[in-house]
Structure formats: structure tokens, C-alpha cells
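When a ligand or atom number is given, it counts from 1 through the structure's own listing order. A quick note: this is a predicted structure, and the numbers were derived from the prediction, not measured.
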Amino acid sequence: MVDLSTEYLGLQLSSPIVAGSSGLTHSVENVRKMAECGAGAVVLKSIFEEEVALEYADFLKSAKAGGGSGQQYFDYEGRKNPIEYYDYVIREENLAKNIKLIRDCKQAVDIPVIASINCFRQSVEWLSYAGNLEDAGADALELNMFFPPTDFSRSSADIEKAYFEIVESVTAKVKIPIALKISHYFTSLGPMIQNLSQTGIKALVLFNRFFSPDFDIDQLEVKPSFVFSTPADLAISFSFFAIMAEKVDCVLAASTGVHDGDAVIKQLLAGAAAVQVASCLYQKGIDHIQTMRRRLEEWMQRKDYDDLSMFCGKLSQGKSHDASIYERVQFMRYYGGKKNVNLPY
Ligand SMILES: Cc1cc2nc3c(=O)[nH]c(=O)nc-3n(C[C@H](O)[C@H](O)[C@H](O)COP(=O)(O)O)c2cc1C
């Protein structure tokens, strides 16, 4: 028997495979099944400030279209107008649902339950949300942070600064360990990851993935697309893990493109302490956690590895025999002629 346990966010996990935040982690039944299938932890679906803001914007639009009276809401619980009241109701309802989910999950499973907040703009909301989720019993908090690079009013320095300011205020507010989940859309990704790892957070989750729009060329419309990742997306986080593993002051968790046990093994070899999965659970079912676990166990047995510490980070840039391979980002060799590689042209 091999030992799959790992330390992540200062918590002892029985397995490095973590169910990442998604619609699947928004129900107690699914979370229970994930635990039964051998997930080391679950990250609950994020509270989306963006969703709250959109719902609020819709309300604002319809209130204005209808003359903006909404008298029935006036003076409700001390709130002076319907907009203020509605804003309050949306936030409270959202929060109440999440608090109940955390409490129910904590009763249902004995693996760590990690709450998640999606931060898409700077606001004081994170602080109160974070405190409420901690009080509800979350074992840790994942901040899913992203400021759209399409905001023309902010410089990259402004956007980067916002990450540090939010992390500073949330780490000062709550005692539970904090993970920060980021995208790879930074000008200087390496230094940004390193600097963020020194802020007092306990883990960085690399990387988040976003939905991309597609075009319907018959209807001439923009449509949503590419909801799920593919195994090829593994490369995005994989090489960064290997490069950053020895350059950060917190642990790293992998996210994006992990669809099978081999991908879990690769991320562990690159230096991940935990590996999050989402798309593959939608596509192959929650049971797929068991399949990935089995593959990891078989591989470890074949390699005579008793526990994860015997191979985690073994192929990171710092430990690899050919560290320079991680710096070769251009295709020089491939452009040089047919001689060196098996290209069909
Ligand atoms: C349908 C769906 C819903 C998601 N919802 C969230 C969410 O609420 N919060 C979050 O941080 N990430 C969310 N994600 C992103 C995943 O946690 C994950 O970072 C991303 O999908 C990449 O991992 P994967 O390749 O295993 O899917 C969602 C992903 C999917 C596919």
C-alpha cells in the first residue's frame, strides 16, 4: 500500500487529488460522492461577486425602465430605497446559501471543505464574505482573483497592486489558511507568482481558466464556448510549476488540463502539492477521481515510491538534470530543417 497523503494549506489531505471549484461542488450530494471516491479535499463553487453585480445591474435597469418606484421596498430594514434593499437581499441570499452549503458539507464529509470567493473587482465585500465563510466552518478559503485585462482605465501596475491589497486585507481578517487562484495573464508572471507567494497566503493555485466566446457563422452571433479544458491545456500550468516550484514561499496546487492519472503524476513531478480537477469530472463523472487515484497508486508501486515526498518536484527546474530545457521556449530546432524531428513537412 502506498501513502497518498499530502500537506496542502497546512491541512493534511489523504490524497493530492482535489475537486476544484465548479458547479459540481455546489451540492452536498456531489461533495459526499467526491469524498467517497477519494478526493483529498473539495473547493466549493465560488461566491461570485460578478454574479451579484450583474443581478444588481439587471435590477437597476428594470427599476429605471419601470419608473424606478419600487415603493414596496422602501424603508425595509432601515434601507432607504429599493436599490439599496435589493443589493442587500441579493448579497444576503447568496451568502446564506453558501453558509448553509459549508455547514452541510462539513457535517457530511470528513475531508477539508475549502470555500471560494470570486474577486473580479476591488471591494470591501471580500472582507465580510471571508469572515462569514470562516465562521460557517470552512477549513480554508480560496480567492479566485481576476481583474479583466480589458479595463482600459487601469494600468498593469494598478491591476497588480490590487492583488496585493486584497490579499493583505483578507489575510489580516481571517485565521483560516488562504489560497490564491490566479490566471496566467500577467506581464511578468514569474516575479508576480513569487511576490504573491510571499504575502502570507498558504497556497497558489495555478491557473484558473476562463470561458472563451465563439462565433456562430450561420447566425452571425457570438456564442459561449470552450467551457471545458482539454488535456492539451495541461502544458500551460505544467511548465510554470516546474520553473516556480523552488522559487516560491508557499505550496502550489495545479489547475487546468488535468484529465487523467498521468496528468496528476506529471503535476506532482513538476512540484505541485495538490492537483485540482474540474472539467474531467463533468465529462467522465465524479467516479473518475477513483480511476486517477488508482493510476497514481499503480505508478507509485511500479516505481517503488512509498509516499509522495519520494517524487514530488523531482522534475522541477531546480532538480532536473536538464534545467535549461525549461528556458527553451522558441521552436528554433523545429525550424532548422527536417533532420532533427519527425515533422510531416
Ligand atoms: C462549469 C465550470 C464552473 C466553474 N466554476 C468555478 C468557480 O465557481 N470558481 C472557480 O474558482 N473556478 C471555477 N471553475 C474553474 C475550475 O475550478 C478550474 O480552475 C478550471 O476549469 C480548470 O481546471 P480543469 O481543466 O480541471 O477544468 C469552473 C470550471 C467549470 C468547467
So, [X] and [Y], do they make that salt bridge, N to O below 4.0 Å?
X: E165; Y: K161; answer: yes
X: D262; Y: R295; answer: yes
X: K319; Y: E246; answer: yes
X: K33; Y: E29; answer: no

Is there any protein N/O under 3.5 Å from an N/O of ligand 1, and what does the full list of such pairs look like?
| residue | atom | partner | partner atom | Å |
| --- | --- | --- | --- | --- |
| ligand 1 | 5 (N) | K45 | NZ | 3.4 |
| ligand 1 | 8 (O) | S21 | OG | 3.4 |
| ligand 1 | 8 (O) | K45 | NZ | 3.0 |
| ligand 1 | 8 (O) | S46 | N | 3.2 |
| ligand 1 | 8 (O) | S46 | OG | 3.4 |
| ligand 1 | 9 (N) | S21 | OG | 2.9 |
| ligand 1 | 9 (N) | S46 | OG | 2.6 |
| ligand 1 | 9 (N) | N144 | ND2 | 3.4 |
| ligand 1 | 11 (O) | S46 | OG | 3.4 |
| ligand 1 | 11 (O) | N144 | ND2 | 2.7 |
| ligand 1 | 11 (O) | K181 | NZ | 3.0 |
| ligand 1 | 12 (N) | S21 | O | 3.4 |
| ligand 1 | 12 (N) | K181 | NZ | 3.0 |
| ligand 1 | 14 (N) | S21 | O | 3.1 |
| ligand 1 | 17 (O) | S21 | O | 2.6 |
| ligand 1 | 17 (O) | K181 | NZ | 2.8 |
| ligand 1 | 19 (O) | K181 | NZ | 2.9 |
| ligand 1 | 19 (O) | N208 | OD1 | 3.4 |
| ligand 1 | 19 (O) | S255 | OG | 2.8 |
| ligand 1 | 23 (O) | T256 | N | 3.4 |
| ligand 1 | 25 (O) | S229 | OG | 2.5 |
| ligand 1 | 25 (O) | G257 | N | 2.7 |
| ligand 1 | 26 (O) | A278 | N | 2.9 |
| ligand 1 | 26 (O) | S279 | N | 3.4 |
| ligand 1 | 27 (O) | S279 | N | 2.8 |
| ligand 1 | 27 (O) | S279 | OG | 2.5 |

Once the angle between the rings of Y282 and F228 is folded into 0 to 90°, is it parallel (under 30°), tilted (30 to 60°) or perpendicular (over 60°)?
->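 Plane angle between 30° and 60°, so tilted.
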Tabulate below the donor-acceptor pairs under 3.5 Å that side-chain atoms of residues 97-110 make, not counting sequence neighbours, or state none.
| residue | atom | partner | partner atom | Å |
| --- | --- | --- | --- | --- |
| N98 | ND2 | N94 | O | 2.9 |
| K100 | NZ | D104 | OD2 | 2.8 |
| K106 | NZ | D139 | OD1 | 3.1 |
| K106 | NZ | D139 | OD2 | 2.8 |

